[in-house]
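The figures that follow rest on heavy atoms only: side chains count, while hydrogens, waters and symmetry mates do not. Positions are given from 1, in the same order as the sequence printed here.
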Amino acid sequence: SVGAYPNVQNLFAELGISDRLQWKEHSMIFAMPNKPGEYSRFDFPETLPAPLNGVWAILKNNEMLTWPEKVKFAIGLLPAMLGGQAYVEAQDGLTVSEWMEKQGVPDRVNDEVFIAMSKALNFINPDELSMQCILIALNRFLQEKHGSKMAFLDGNPPERLCMPIVNHIQSLGGEVRLNSRIQKIELNPDGTVKHFALTDGTQITGDAYVCAAPVDIFKLLVPQEWREISYFKRLDKLVGVPVINVHIWFDRKLKNTYDHLLFSRSSLLSVYADMSLAC
Ligand SMILES: Cc1cc2nc3c(=O)[nH]c(=O)nc-3n(C[C@H](O)[C@H](O)[C@H](O)COP(=O)(O)OP(=O)(O)OC[C@H]3O[C@@H](n4cnc5c(N)ncnc54)[C@H](O)[C@@H]3O)c2cc1C
């Protein structure tokens, strides 16, 4: 699913494949763990601008939060709404749970809403996730009318998204090589990149070098000479999260599913979708 990521939407636009995004109703739909097959919805009305559409969606939902909980939640969020970017960045030292406690937000709001949100954003729980991540997402929802709208790709990613990227690169004279693993970033005496050495023995030289390997792998590739540079030192705090993507194929249509992304609200699973409907 493509959520509130303008850069992903820009990529689709640049490739000329925006029509492959299947936009869903502007809602956030939560499974009810104690009522299997039932969902609780936050519906963002099309007629209201942000942030009123989001406020309306929260106020109209009655299954998940009581009125006193909604009021305490709203008061707790006020500094985030008023404080701007500086406030958001200053919250990086606090986990979501610590921030909620500091702001007097009831524990049940954490359990009902933020376990699902933390898992959907970063695959980790509120007691591990930095509050900055949540506030960046919330700010987008509050500032952009369609900031929380979601779309699904209309088919499998290799064919419907990766191939257009490859075609685009090739049309501009570039080359895409698969199964070409970097073994080492070789440096010049002045500390700049000499070449990327691949595991098959080839050397790749270029005018500019970008390494987009996952962070745990990139940390192993960072040359010894770069490790004390503050830019690379900041990698120390980044750790990958192990995640499994599960596809379950049934021999018949499921009942009571919905054409949307569904927040599971389990401690294990973040989100799921009936792909036979959603894609
Ligand atoms: C289960 C799951 C579901 C997700 N669902 C969504 C979703 O619905 N919507 C959404 O927007 N995001 C989703 N995400 C997040 C999204 O997939 C990632 O944020 C995104 O793929 C990260 O892209 P990336 O290019 O930074 O890294 P990656 O996609 O991890 O790419 C890194 C690449 O580096 C390669 N590599 C590794 N080692 C080397 C080496 N030595 N040399 C060369 N190459 C190397 C790897 O093979 C890999 O291809 C999901 C993630 C997971 C795990």
Side-chain angles (χ1 to χ4, degrees), residues 1-5 8-9 12 17-48 53-66 69-70 108-126 129 133-134 137-138 140-141 144-162 241-279:
S1 74
V2 173
Y5 302 102
V8 176
Q9 283 183 55
F12 276 77
I17 56 167
S18 297
D19 60 336
R20 297 186 185 183
L21 290 175
Q22 300 183 318
W23 288 97
K24 304 303 170 192
E25 289 173 309
H26 195 180
S27 303
M28 288 189 172
I29 305 179
F30 290 70
M32 302 294 280
N34 300 325
K35 297 179 189 164
E38 285 185 37
Y39 303 100
S40 178
R41 304 175 56 114
F42 290 86
D43 293 310
F44 293 68
E46 208 36 54
T47 43
L48 291 177
N53 60 349
V55 173
W56 183 262
I58 294 171
L59 293 181
K60 283 279 284 179
N61 179 294
N62 289 323
E63 293 100 2
M64 283 172 58
L65 299 178
T66 64
E69 283 164 351
K70 286 180 197 175
R108 248 183 46 84
V109 178
N110 196 43
D111 296 346
E112 293 288 303
V113 179
F114 284 101
I115 292 179
M117 193 158 172
S118 303
K119 283 225 184 297
L121 286 172
N122 285 67
F123 298 109
I124 51 179
N125 277 316
L129 180 64
C133 293
I134 297 276
L138 279 181
R140 176 144 295 144
F141 298 170
E144 291 171 29
K145 183 175 172 184
H146 291 137
S148 51
K149 232 177 151 174
M150 280 173 267
F152 279 73
L153 189 62
D154 66 350
N156 70 78
E159 199 179 292
R160 304 297 288 167
L161 175 59
C162 302
V241 176
V243 176
I244 301 176
N245 188 5
V246 183
H247 287 210
I248 307 176
W249 295 74
F250 297 99
D251 61 356
R252 70 203 66 178
K253 283 276 188 193
L254 293 173
K255 287 183 190 149
N256 288 335
T257 60
Y258 209 80
D259 178 11
H260 213 300
L261 187 76
L262 303 169
F263 291 88
S264 76
R265 301 170 70 218
S266 104
S267 58
L268 207 57
L269 189 67
S270 77
V271 291
Y272 63 99
D274 182 342
M275 307 282 273
S276 75
L277 282 178
C279 302

>> Using 0.5 Å steps for rounding, measure from the NZ atom of Lys149 to the NE2 atom of His26.
In response: 7.0 Å
> Which atom names give the shortest non-hydrogen contact between Leu48 and Trp56, and what distance separates them?
Replying inline: CD1-CB, 3.9 Å
> Any donor and acceptor pair, going by atom type alone, linking the side chain of Lys70 with main-chain N or O of Leu59 inside 3.5 Å?
Replying inline: yes
> Would Lys60 and Asp43 count as a salt bridge (Lys or Arg N to Asp or Glu O under 4.0 Å) if you check the C-alpha gap in whole Å, the side-chain angles of each, and the deciding distance to 0.1 Å?
Replying inline: CA-CA 8 Å; Lys60 283 279 284 179; Asp43 293 310; over 6 Å; no
> At what distance, to the nearest 0.5 angstrom, does NZ of Lys24 lie from CD1 of Ile29?
Replying inline: 10.5 Å
> So, do Leu65 and Glu112 sit near enough that their side-chain heavy atoms are less than 4.5 Å apart?
Replying inline: yes
> Who passes ring pair (Phe, Tyr, Trp, His ring centres under 6.0 Å) against Tyr39, sequence neighbours left out?
Replying inline: none
>> With a 3.5 Å distance limit and no angle check, can you tell me whether His260 reaches the backbone of Ser27 through a side-chain donor-acceptor pair?
In response: yes
> With sequence neighbours excluded, what pairs up with Phe30 under the ring pair (Phe, Tyr, Trp, His ring centres under 6.0 Å) test?
Replying inline: Phe42, Phe263
>> I need the minimum non-hydrogen distance between Pro126 and Asn110, along with the two atoms involved.
In response: CB-OD1, 3.5 Å
> So with a 6.0 Å cut-off around CD of Glu159, is the heavy-atom count from everything else above 12?
Replying inline: no
>> Once rounded to the nearest 0.5 Å, what's the spacing between atom CZ of Arg108 and atom CE of Met64?
In response: 8.5 Å
>> Can a donor-acceptor pair be found, under 3.5 Å and without considering hydrogens, that links the side chain of Asn245 to the backbone of His247?
In response: no
> What pairs with Glu25 under salt bridge (Lys or Arg N to Asp or Glu O under 4.0 Å), at least two apart in sequence or on another chain?
Replying inline: Arg41
>> Ignoring hydrogens, what is the shortest heavy-atom contact between Ser266 and Leu269? Give both atom names and the distance.
In response: OG-N, 2.8 Å
Distance-only donor-acceptor hits, side chain of residues 270-279, under 3.5 Å, sequence neighbours excluded:
from   : atom 1 : to     : atom 2 : distance (Å)
Asp274 : OD1    : Ser276 : N      : 3.1
Asp274 : OD1    : Ser276 : OG     : 2.7
Asp274 : OD2    : Thr257 : OG1    : 2.8
Ser276 : OG     : Lys253 : NZ     : 2.8

Only distances under 3.5 Å count here; give the side-chain donor-acceptor pairs of residues 117-124 to other protein atoms, sequence neighbours excluded, each with its distance to 0.1 Å.
from   : atom 1 : to     : atom 2 : distance (Å)
Ser118 : OG     : Phe114 : O      : 2.7
Lys119 : NZ     : Asn125 : OD1    : 3.0
Lys119 : NZ     : Ser267 : O      : 3.1

> Is the backbone of Gly37 close enough, under 3.5 Å, to the side chain of Lys255 for a donor and an acceptor to pair up by distance?
Replying inline: no
>> As an exercise, state the distance from CD of Glu63 to CD of Glu38, rounded to the nearest 0.5 Å.
In response: 8.5 Å
>> Just to verify, what does Lys145 make a side-chain hydrogen bond (donor to acceptor under 3.5 Å, both in side chains) with, not counting sequence neighbours?
In response: none
> Minimum heavy-atom separation for Met28 to Phe141, with atom names?
Replying inline: CE-CE1, 3.4 Å
> Taking Arg265 for the side chain and Ala31 for the main chain, is one N or O donor matched with an acceptor at less than 3.5 Å?
Replying inline: yes
> Do the side chain of Arg20 and the main chain of Arg160 share a donor and acceptor less than 3.5 angstrom apart?
Replying inline: yes
